[in-house]
Each structure stands twice: as structure tokens, then as C-alpha cells.
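Notes follow once the structure below has been shown.
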Amino acid sequence: MSTPAIQSKLPEVGTTIFTVMSGLANQYNAINLGQGFPDYQMNEDLMNKVTEVMQKGWNQYVPMQGYMPLRESISEKVEYLYQTKISPDTQITITPGGTYAIYTALTTILQPGDEVIIFEPAYDSYIPNVEINGAVPVLIDLKFPAYKIDWNEVKQKISPKTKVIMLNSPHNPTGAVLSGEDMGQLREILNDKNIFIVSDEVYEHLIFDNIPHQSILRYPDLLERSFVCFSFGKTYNCTGWKLGYCVSSPAAMIEFRKVHQFNCFCCHTPSQVALAEFLKNRDAYLSLGVIMQQKRDHFIELMRSTKFDMLHSSGSYFICAKYNRISDELDKDFAIRITKEFGVATIPVSVFYKAGTDNKVIRFCFSKKNETLETAAERLTKI
Ligand code: PMP
Ligand code: GLN
């Protein structure tokens with residue numbers, strides 16, 4: 001009997017670097033400062049709340065748009081944070097994580113041949129999400145080492161085929177954040193154009209030094225053309241919950257939900273019921289940036305006794321570092337070697353460039369217990 005062969009939709013794609021480096025960290029018993037997740041426990045009250053609602057019987061499907069009281073809590077939170085009113089009924093959909101929200105948004109918008117502007121380094125799901133829809137990524141480098149957007153280059157790269165600009169602030173892997181000035185440039189450029197924005201804001205609350213988060217949700221005119229994607233995993237230290245949401249205009253959300261309802265239909269009920277109440281606790285998300293800023297600063301201090309040159313991080317739970325005073329190896333080789341030889345796993349930043357641009361930079365995740373960061377830095381001092 002003959003077996004059918006799959007013609008790959010993503011022929012150039014291998015296994016994501018996060019799985020590769022976490023696998024290597026486990027294999028070599030290394031400290032994992034690679035994949036982005038906290039190594040400490042999530043909020044106890046939220047955990048207990050989920051258990052409680054499961055025991056009370058909240059274990060069946062909710063509507064495909066998401067549990068309404070949770071959408072109401074999100075709408076209240078958005079109004080409090082960004083002074084914009086969004087309808088829980090027509091503008092919010094609960095999704096199984098931020099990655100899924102981004103994929104669904106791109107799948108909703110894109111037709112074959114459309115162009116999508118992506119800034120590199122870029123989170124590794126964006127380009128495959130574009131390509132699987134038959135669309136074409138148009139790549140623009142963020143200016144190294146501050147990783148800023150050159151808006152003149154954006155103007156030059158916009159063509160009649162441009163359908164989407166992807167944004168990500170706070171940015172993974174660099175920790176760069178967009179400023180009010182960036183948003184001004186964006187508004188001016190898009191003013192007379194039929195271009196959508198997909199804005200990845202999963203690190204909304206992980207922003208430091210009192211910098212305000214420039215959410216698309218602050219700008220109702222931009223929201224009209226945007227899908228804005230969030231993740232509860234990042235906000236509540238529970239990345240394994242894979243729960244998030246997407247916000248858009250009512251018209252765009254109708255189309256988003258057409259795609260979503262035949263993919264996962266609806267998300268985990270007990271977490272939604274628990275979060276509906278927990279979201280009202282503002283301290284739980286407002287304190288996050290302060291806690292993570294302390295971790296960033298502690299890690300930077302510890303890294304002073306190594307030969308790494310730390311780059312600036314204004315948000316996310318990542319900080320990048322140059323290692324050119326240590327080695328001229330390719331960043332992938334270097335990251336693999338220090339995992340094996342020195343017991344610290346990191347992420348080589350070249351994987352976030354389609355062409356593999358190698359600036360001799362690796363990414364560290366600092367959302368870890370202080371003792372984890374201290375042991376890791378001690379090991380890195382030996383390099
Ligand atoms: N976007 C970025 C930039 C991320 O770092 C992550 C982290 N995984 C996500 C999206 C996805 O979040 P989630 O785990 O909720 O899918
Ligand atoms: N967002 C996390 C990171 O950048 C990992 C998520 C994943 O493994 N897909 O490290």
C-alpha cells in the first residue's frame with residue numbers, strides 16, 4: 001500500500017529554539033535562562049480560586065467568544081489603564097494564549113501574496129504564521145544595539161501589497177519598548193493607508209523605569225485597524241495555562257471569530273471563571289513591572305563580574321548581552337557550548353532573524369528566583 005507524503009507548508013522550519021534549548025538544559029542539567037518562564041510559583045490565591053471553581057462545577061464549555069464576566073473584567077481594566085471603552089460583547093475574544101491570538105489574527109486578515117512588515121529580531125512564530133497563509137514577510141532590521149524602528153525605512157518598504165504591520169512592545173527578545181513618538185510616526189504613516197496592525201502586547205505589564213506602555217488600546221483610531229494580543233500566562237506567572245485574549249474593532253472581530261470558532265471553539269473554563277474575579281485585583285498586575293525591574297537590576301549587577309556586555313532592557317523578561325569579548329563563535333554554537341560546559345542555557349538571538357544575522361548576542365531570561373540568577377551568574381563568571 002502506498003503512503004501519502006506531506007508537502008510541507010513550512011519547508012524551511014525546524015523545531016523552535018525554545019524547545020531545543022530547554023531540551024538541552026534538561027539533558028545537561030543546566031540552569032535554564034533560555035525559554036521565557038518563571039521558575040517560581042504563581043499567585044496562590046489565583047491557584048486556589050481555579051480549584052474552587054472546578055469543585056463548584058465550572059467544568060463545561062463557555063461561549064466561543066469567552067466567559068462573559070471575564071470579558072467584562074478585561075473591558076474595565078482596559079478603560080482603567082488606557083481610557084478607551086471596548087465592548088466585551090463585540091471586541092474581545094478569549095484565546096488559548098497570545099501565540100494563538102496572533103496566528104488567528106494573521107489568518108483572518110491575510111490573502112496569498114499579501115505583504116507583512118515584520119521587524120527583526122522577531123518572535124519566532126511571526127514569519128511562519130505569515131508564510132503558512134501564503135503571504136510574504138517584508139523584513140526590517142531594528143537598529144542595533146538599541147533595537148529602534150527606523151520609520152523612514154518603514155515608509156520605503158510599504159507597497160500596494162502591504163496588508164499588515166506587526167508590532168511587539170515590550171519586545172521579545174530585546175526588551176526594547178515603543179515610545180509615544182513611535183506611535184506618532186505610526187499614525188502618520190498609516191493615516192491614508194489600508195494597512196492593519198497586529199500588535200503583540202503580551203509583556204504589557206513587564207515594563208520598567210516608569211515608562212508608560214504604548215498600547216494600541218490608547219489610540220482608538222489605531223484600534224480600528226488592529227488586532228491587539230495579550231497573554232494571561234505572562235501577567236500571572238502561569239505560562240503553562242496558555243490563556244490570553246485578542247481585542248479588535250467589532251467588524252474585524254466578527255471575522256476573527258469565524259476562524260477561531262472552528263479551531264479551538266472555546267478555552268479552559270475554570271481559569272476563565274477564576275480570572276474574571278482576579279482581574280479586579282489591580283495590584284496583582286501593577287506590581288509586576290516593579291518586581292521584574294528588581295530582577296533585571298539584580299541580574300545586571302551580578303553580570304558585572306562576567307565578560308558579557310549587557311544591552312539595555314526596558315521591558316519583557318529578557319535582556320540581551322554581547323559576548324564578543326569572550327568568543328567569536330557563531331551565537332548558536334556559543335549558546336550550545338555554554339549550556340554543555342558551564343551549565344547555563346540561553347537563546348542565541350540570530351534565530352530571530354530569517355537570514356540568521358549574528359551580532360554575537362544571546363538572550364537571558366531573568367524571570368527567575370534570585371538564587372537561580374545568582375548561581376547562573378557565578379557559573380558565567382568562569383567563562
Ligand atoms: N509573543 C511573544 C513575544 C512571546 O514572548 C510569547 C511568549 N510565549 C507569546 C507571544 C505567546 O504567549 P502565550 O504563551 O500566551 O501563547
Ligand atoms: N515566549 C517564550 C520565550 O520567548 C517562550 C514561549 C515558547 O516556548 N513558545 O522564551
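Side-chain atoms are counted along with the backbone in the values below, which use heavy atoms only and exclude waters and symmetry mates. Just follow the structure's listing: the first ligand is 1, and inside any ligand the first atom is 1. Positions are given from 1, in the same order as the sequence printed here.
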Hey, is [X] touching ligand 2 through its side chain, its backbone, both or neither, going by heavy atoms under 4.0 Å?
{"X": "Phe318", "answer": "side chain"}
{"X": "Tyr203", "answer": "side chain"}
{"X": "Asn172", "answer": "side chain"}
{"X": "Lys242", "answer": "neither"}
{"X": "Met21", "answer": "neither"}

* Asked: Are Phe37 and Ile319 connected in the hydrophobic side-chain network, where two residues link if heavy atoms are under 4.5 Å apart?
  ->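 No: no chain of side-chain contacts under 4.5 Å links Phe37 to Ile319.
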* Kindly say whether the aromatic ring centers of Tyr245 and Phe232 come within a distance under 6.0 Å. =>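 So the answer is yes for these two rings.
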* Aromatic ring proximity Tyr203/His171, centre distance under 6.0 Å ->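 No - the distance between ring centres of Tyr203 and His171 does not fall below the 6.0 Å cut-off.
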* Asked: Counting N and O atoms only, with roles assigned by atom type, does the side chain of Asp150 sit under 3.5 Å from a partner on the main chain of Val154, one being a donor and the other an acceptor?
  ->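 No; judged by distance alone, with no hydrogens or angles, the pair does not exist.
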* Main-chain N/O of Ala355 paired with Thr357 side-chain donor or acceptor, under 3.5 Å -> no
* Asked: Which protein heavy atom lies closest to atom 9 (N) of ligand 2, and at what distance to 0.1 Å?
  -> Tyr123 OH, 3.2 Å
* Take Tyr219 and Tyr82 through the test ring pair (Phe, Tyr, Trp, His ring centres under 6.0 Å) and record every step on the way to the result. => CA-CA 8 Å; Tyr219 302 92; Tyr82 305 121; 9.6 Å; no
* To do: Below 4.0 angstrom from a heavy atom of Gln35, which ligand 2 atoms are there? Numbered from 1 as shown, please.
  =>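 So the answer, numbered in order with elements, is 5 (C), 7 (C), 8 (O), 10 (O).
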* Asked: Can you say whether the rings of His260 and Phe256 are parallel (under 30°), tilted (30 to 60°) or perpendicular (over 60°)?
  -> parallel
* State, without any angle test, whether Thr104 and Asn263 hold a side-chain donor-acceptor pair at a distance under 3.5 Å. => no
* Asked: Does a donor on one side chain and an acceptor on the other come within less than 3.5 Å for Arg296 and Ser313?
  ->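 No donor-acceptor contact under 3.5 Å links the two side chains.
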Name each N or O atom in ligand 1 that is under 3.5 Å from a protein N or O, and give the partner atom and the distance.
| residue | atom | partner | partner atom | Å |
| --- | --- | --- | --- | --- |
| ligand 1 | 1 (N) | Asp200 | OD1 | 3.4 |
| ligand 1 | 1 (N) | Asp200 | OD2 | 2.5 |
| ligand 1 | 5 (O) | Asn172 | ND2 | 2.7 |
| ligand 1 | 5 (O) | Tyr203 | OH | 2.5 |
| ligand 1 | 8 (N) | Tyr123 | OH | 3.1 |
| ligand 1 | 8 (N) | Lys234 | NZ | 3.2 |
| ligand 1 | 14 (O) | Lys242 | NZ | 3.0 |
| ligand 1 | 15 (O) | Gly98 | N | 2.8 |
| ligand 1 | 15 (O) | Ser231 | OG | 2.7 |
| ligand 1 | 16 (O) | Gly98 | N | 3.1 |
| ligand 1 | 16 (O) | Thr99 | N | 2.9 |
| ligand 1 | 16 (O) | Thr99 | OG1 | 2.6 |
| ligand 1 | 16 (O) | Lys242 | NZ | 2.6 |

